[in-house]
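Report on the structure given below.
From a predicted model like this one, the values you see are computed outputs, not experimental measurements. Each chain gets a letter, A, B and so on, in the order its sequence line appears, and its residues count up from 1.
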Amino acid sequence: MPSSLALTAIIGAPLLGFFMTIVWSRAAAVVASLTSMVVLVAAVFLAVSVSAHGAVLTSLGGWDAPLGIELAADGLSVMFMIVSGAIVLVVGAYAQHEFVHPGTETRSGFAFWPLMLVLLAALNGIFVSRDFFNLYVCFELLTLSAVAMVTLNGKTESITAALRYLLFALLGSILYLLGAVLLYAQFGSLDMGVIGQSVSSSGAEILAAGLMTAGLALKTALFPFHGWLPPAHSGAPPPASAMLSSLVPKASYFITIRLWFDVMPELAGNPLTLALGGLGGAAILYGSLQAIVQTRLKMVVAYSTVAQLGYLFIVFPLAGGDSAAQPWSAGAWTGGMLHALSHALAKSAMFLCAGLFIISARTDDLEALRGIAQTMPMTAFAFTLAAISLLGLPPSGGFIAKYLMLTSAFASGGWIWAFLILAGGLLAALYLYRPVRIMLSLPKQPGQPFKPISRWWQVAPLVLALGAVFLGIGSNEPYALLQIGRPVAAETGL
Amino acid sequence: MMTWASGWLIYGLTGATLIGLGLFGFASHTNLLRRILAFNVVGSGIFLVFGATGFRVPELGADAVPQALIITGIVVALSATALAVSLITRHASLSGSATLPDDDREDR
Amino acid sequence: MIDLQVSGPLFPLFVLIWPLVLGLAASLPSVRSNAIVLLPLAPLPALVLAVVGPLNIPTEAGILLLGVTLNLDINGTLFLGAISGLWCLGGIFALGYMRMTPNPAVFAGFWCLTLSGNLGVVLSQDAGSFYVSFAAVSLAAYFLVVHERTERALYAGRIYIFLAVVGEALLLIGLLIGVDAANSMSIAKIRVALADAPQAGWAVFCLIGGLGIKAGLVPLHVWLPLAHPAAPTPASAVLSGAIVKAGIIGFIQFLPDGTALWPSMLLVLGLAGTYGAVFLGLGQTNPKAILAYSTISQMGLVIAVIGVGHLTGNTVAAYGAAALYCAHHGLAKGALFMSVGMVGKSGRTFMPFVLFVTGLMAASIAGAPFAGGALAKSAIKTLFEDWALLLVTLSGAGTTLLLARFLMTIASNHGPEPDKRPSALMSVPWFVAVVAALLVPWVLVDRYSDLSVPYLLSTGALWDASWPVALGLVCFFVGLRLLPGGFRVAEGDIAGPLVKSVAAVKRMLAAVPEPTVPTIKGLDHIVSASRTQAAERRLLQLAPICVAALILAMLMFANI
Amino acid sequence: MTAALPFLVLMTSLVPALATFWLPENQAATRNGLNLGGAILKLVLVAYMLYAVGQGAVFETRLELAPGLFLLLRIDALALLFVTLSAFLWLLTTIYAIAYFGNGPNLSRFFGFFSLCVAATTGIAFSGTLITFFLFYELLTLSTWPLVVHKQNEKSFAAGGSYLGFALPASAALLVAIIWLESVTGPIEFAAPRELSGLDAFDLRLILALFVLGLGVKAAIVPLHGWLPAAMAAPAPVSALLHAVAVVKAGAFGIVRIIYDVFGIDLVSQLGMAQPLAILASITILYGSLRALQQDDIKRRLAFSTVSQVSYIVLGAALAGPIAAIGGLAHLVHQGLMKITLFFCAGIFAERAGIEKIHHLDGVGARMPWTAFCFSLGAMGMIGIPPMAGFVSKLYLGVGALETGAGWVVFVLAGSSLLNAAYFLPLLYRMWFLPAREDLETQPPSERPLGLIVPAVVTATAALGVGLLAGAPISPLGWATLIIERDYLP
């Protein structure tokens, strides 16, 4: 069964790669690249097979649940796998320059590759797990590798940021685990399918789901628990930041979506969806305002992540709760997922751009970047493209996502959500216009010493930014793919 | 039957107490090491509760699944603790402080 | 493939296009320096059309503008003949007068354009081409006014163009309402429709304003006394003799039958102009300015005729009389302006002849017996009754007074060399204009009025013509004795205050601010980065409490 | 072939745009060839389409982006009016820009975005659905910005910021309007308008107001016009693009589309929105003119003049009568021809003689006769002096207004003509009648290369020609009449 092989490979290959990079650290970069390529190929293969035959399921070693580990891929997980595989591949290619070139700190170079592969394995594990405990293990793995990545450059601020991140993450893990334990107490199983079939809306179930959601929200940096994110993401080396900001919060969000839309949609009442949506809206406004006043590029981009993650939670009131049975639900849900994906691509592109700017200008102070577009036009262009997607302007993926969400908001009469979505876009324009403007300005003194950067290196962020744009132009396929395996019959929207 | 049930109850209540104590510790201390310890206390509490759920259906005897999962969980918690401790030592050696900046209450 | 959509005789179209072609030819490098030569040639086809052209066979060209229709009726023939004749004479005069002028090509080009517009105003039978023609004659004449580029000419030009543009705008409003009411571009239909259309009042008001500016209707006359002295003499001649008539033609074309308020208004304003201009003109020192006021005065009479024609319902007679009066006035006033040019180029010995002929012309305009002007005046008098008749008759005295002042002013303006004579190119057209002015009404008076030549030669008619002139002369000499120094009125009387008030309005407007995008500068103070980040970090400690609260909230919602 | 034609026409601009981005700076010949070739090819295709659409043909290309999200390109007579204008002016502006910039920096970027702008404009014209319209409308916003900031100095960034500051909230408003409306009716195609009269009148009014808000920024309706005068910081070819070829036209065109093809004039009148919109347009017409009167900078004066003139188009649509609509549509072309002439000339003045302020124009007529002559023609057209094109539009607007019972509009038109005269005639006066500055005397400026002056002459002649031959069936007026008679009259 090639598709079960592929399912195994997307987790197995990076884990294997992880050991190989440790053992054979000299060729770590090459191994990591090859591994992520394998993962991407496997993910694409899975996508083809899922779109042809529907969701794919396999049991590792033939052991069935509950003792064995079951892996399943539906449209949603396949899309996330492809995007994360692609991002890791491109970031890996970018990191070849960052860590392999002489003059960079060898220790961080040594540690980066294995961490990257663990991260990839954990991510893929989350995307294909059908079991809450496996999910727990995977995202603990994810958290630990992410925290380790923050510390790579060894500076005090990075350590501090990493510690703060770790504390939040541990708290989140505890809450999640507590919830999972309660679920087990109730159902005697942690398998999603089993639980999903026997949900009875008892108090214990609600408590369990609430605890898990709280833990996941902490890890997704949902407002007001976002304090750890900006220092952690801006303190890490750029390739690490790219993955941290684009993929890691999405993993915990992914679990939240699985929990509330696949496993226990009946439980998602209005208070819950409103609370999550409200926090998401607050995140949009607060994150954007903070991003506006930042003076360092990476901080702007990091706060932008806080804001953009807010959108993901607006999906709950639009597609969950009472809205779940409505015709606009499918559009809102798909819009949210597309937003997660296009944000992942755009945000990783932005962090890579920021990384290149830092190498060229030796700082990411916005004022110091004045005129850098003359030295690195391609990178500035990539940054602008990514910004367009974040703003939700056509024809980017961000636009399609916002369009779908807005359509649902209007159809459901959810004015407030529509307002928040639009306000977020306009605020994003405010905080992203400033860096773009500074980059494109003429330098104050001519001939300011920006270090030239090789063109091939600059291609990496451009590829990701173009990916975000093409997700919009070619959104037909992803849209169809995302619908496969959804429990509620996927409707083509309104 | 009664004994099984009360045993389950004792373990569960103890676990819940540990969780509560741990959470309190986590919130009330700013010293990083204490916080990590508090985290471990909470973790122990959760595992205890988890273990107790193994007796959920007494007729079947002890359920093997929680045991397997607890072991996995302990490994995970251990590695998290290890990472945290290494970071704390690194942090202490770099900044000379066992608390995070901006956490104004010092209680070392 | 493209249908030119022309029907009817092509010659009227040629009449309009020919001056344009000549005007463009003036810009050719080889023609440029001698461009003045083109001036007399431009109006020739029009003259031919006026003399031999058949009446009332319309020409239609659908593709041009919004569909052009041209036609010539009986009044139109007279206007066309007088106007093209004057333009022709003026052109020949310019040949002699403006031999060494700078920028001859520019002058010639706009001369031709103005001419084409002037002819178009006569010929047009649709609102579109009338408006185009009127714009051409109004705006292109600006270049004739400012040709000498002196400070005074440019000032006069500014006032002129200001009023001309205002006139265009008013005319546009009137035409728009008319076209809508008639649902047609045809002027005849517009005239009918305006009689009872809902917004006809506005339309007629605007038309009177727009056309009245050109016709020197008080109080819109300001430009005449400024523009005439500033322009070169041939241009003054056509301005006063021909261009001003465009407004009168417009009145005749557009004003609907009806007994609303406006015919009385025209009568009152016309008579006010007739007398007011005499008074203002007496205060002038520049001979051309005096002539300009005289033109205002004479056009006031014509406007009063049109008003009275509508009041009495006798528009056919009124229009005929007005056409005759305009034809005479055009030629005579053209001749008088040429006299100013003649005086400047004449020595002492030639002066008496010039003065004599000029006096003859002045007498004709004043309506002295046997002159062509007397016939024209008799023709218009038949329309008036009672007090209005008395006022019209008495205006002859005013005209005499004003023109006597004019003669007195130019008498001392002769050139320094005693034996100098103007060239034949100047004196011949001048003389032809004089003769034409004296004779033309005799030939045409029975076509354009109910009067006959024998009646006009009767004693009663002669006495009616004589006494106002005599009264005017007496007044002149009495006034000369009482007020030897005369009095002064600024050229263009109310133009000065007008300019100042426009400038004041402009200053007031400049003080209003412009909207911009709101800036976000204040945000830094509201969301201070350092303060909020510290607060965010402290949230870490609060996180467990928040989480606990969240869980509690959920429990409560779930009603456990 | 016919199904792909709209797509092909779009590609004639899009392909040069994308290709130009990747050209190295020094490959001027290739770059110019690409852009000019695209422009000429486009004109040829447009000529063919003019013929075919005149015969009654309709072309359609349909692409699916996401389920229910169609990219529909459809060529009808109205679309073609706009595309013909932009294609014609694109060619001329490209010629002008090549001559204007010479060997300046960042030209690949410039021409790339320039062609992209034109592609977006073509897309706007061809849009067959609301959402397609929005996509291209935003593409236009984005591709214009790099052009506005082309000089990359503080002033141009301020202008660019102002542009986005107005345009982005407007696009949000537009998006809300579209989604709100479509959430009730389903996707809207212009060719098959939905029956809206059953919807809540208040909602419809609000939606229409949002549309006007969204499109009014580009159409520079007061008080949304602030970006346009600021954008004069951009080089002259960009101003030509903003004011004549693409941007303000896109806004006005959008308003026409919304009124005619989404709501329908009857419904707009029933909702009581036609009158307020007409009043808004009238205020803009007068306000723009009054502001223009106060400007000392030539390009700023022209910019405010655009504010005023573009609202003629809006007015034509808002008056909700066939004749006014014809006038408004014809003005879309007329204003483009006249205003681009003026900006071409202003560019030549600035580039060749350093003339930026009005008082620098003294005596320039004799030194730069061609430029000054073209400028004068354009200015006279703007004033509405017959037989220039502007007069024809005003006549139709005025008559159309009277026909619908909005007699007051004729006073607005007359007042605007007066103000236009008041702010243009002093310029002509200075050019032709005042003595020249000393440096103009000693170093007479050149009007060469031909690439600068020829486009100006061509557009000036065209502006004169479309007025003189307004009665011809292929004149803008004739075409506008065809649009209204064939597509919008019952």
| request: With a 4.5 angstrom heavy-atom cut-off, could you sort out which part of Phe136(D) is near chain A: side chain, backbone, both or neither? | output: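 Contact with chain A: none, neither part.
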| task | Select one option (side chain, backbone, both, neither) describing which atoms of Glu154(D) are under 4.5 Å from chain A's heavy atoms. | result |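 Contact with chain A is through both the backbone and side chain of Glu154(D).
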| field | Heavy-atom pairs under 4.5 Å with chain D, option from Leu440(A), Leu406(A), Thr334(A) with the top count | value |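 The candidate making the most pairs under 4.5 Å is Leu440(A).
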Heavy-atom proximity to chain D below 4.5 Å, by part of [X]:
X: Ile421(A); value: neither
X: Leu393(A); value: side chain
X: Leu422(A); value: side chain

| task | Name the member of Asn153(D), Asn106(D), Val176(D) that forms the most heavy-atom pairs with chain A at distances under 4.5 Å. | result |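 Heavy-atom pair counts peak at Val176(D).
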| message | Please check if the number of heavy atoms outside Phe21(D) that lie under 6.0 Å from its CZ is greater than 12. | response |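 More than 12 heavy atoms, drawn from other residues, nucleotides or ligands, come within 6.0 Å of this atom.
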| field | Over 12 foreign heavy atoms within 6.0 Å of CG, Asn103(D) | value |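 Counting other residues, nucleotides and ligands, CG of Asn103(D) stays at 12 neighbours or fewer.
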Closest heavy-atom pair and its distance - [X], [Y]:
X: Ser183(D); Y: Ala411(A); value: CB-N, 3.9 Å
X: Leu142(D); Y: Pro394(A); value: CD1-O, 4.0 Å
X: Ala429(A); Y: Leu168(D); value: CB-CD1, 3.4 Å

| query | Sub-3.5 Å donor-acceptor pair from the side chain of Glu138(D) to the main-chain atoms of Pro395(A), do we have one? | reply |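 No, the answer is negative, given that no donor and acceptor are paired below the 3.5 Å cut-off.
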How many angstroms lie between [atom1] in [X] and [atom2] in [Y], if you round to the nearest 0.5 Å?
X: Tyr403(A); Y: Glu182(D); atom1: OH; atom2: CD; answer: 4.5 Å
X: Ser171(D); Y: Leu391(A); atom1: OG; atom2: CG; answer: 8.5 Å
X: Leu71(D); Y: Ile473(A); atom1: CG; atom2: CD1; answer: 10.0 Å

| request: Side-chain contact test, heavy atoms from C-beta onward, threshold under 4.5 Å: evaluate it for Val436(A) versus Phe157(D) and give yes or no. | output: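 When only atoms from C-beta onward are counted, Phe157(D) and Val436(A) do not touch, as no gap falls below 4.5 Å.
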| query | Do the ring planes of Trp180(D) and Phe410(A) sit parallel (below 30°), tilted (30 to 60°) or perpendicular (above 60°)? | reply |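 Correct class here is parallel.
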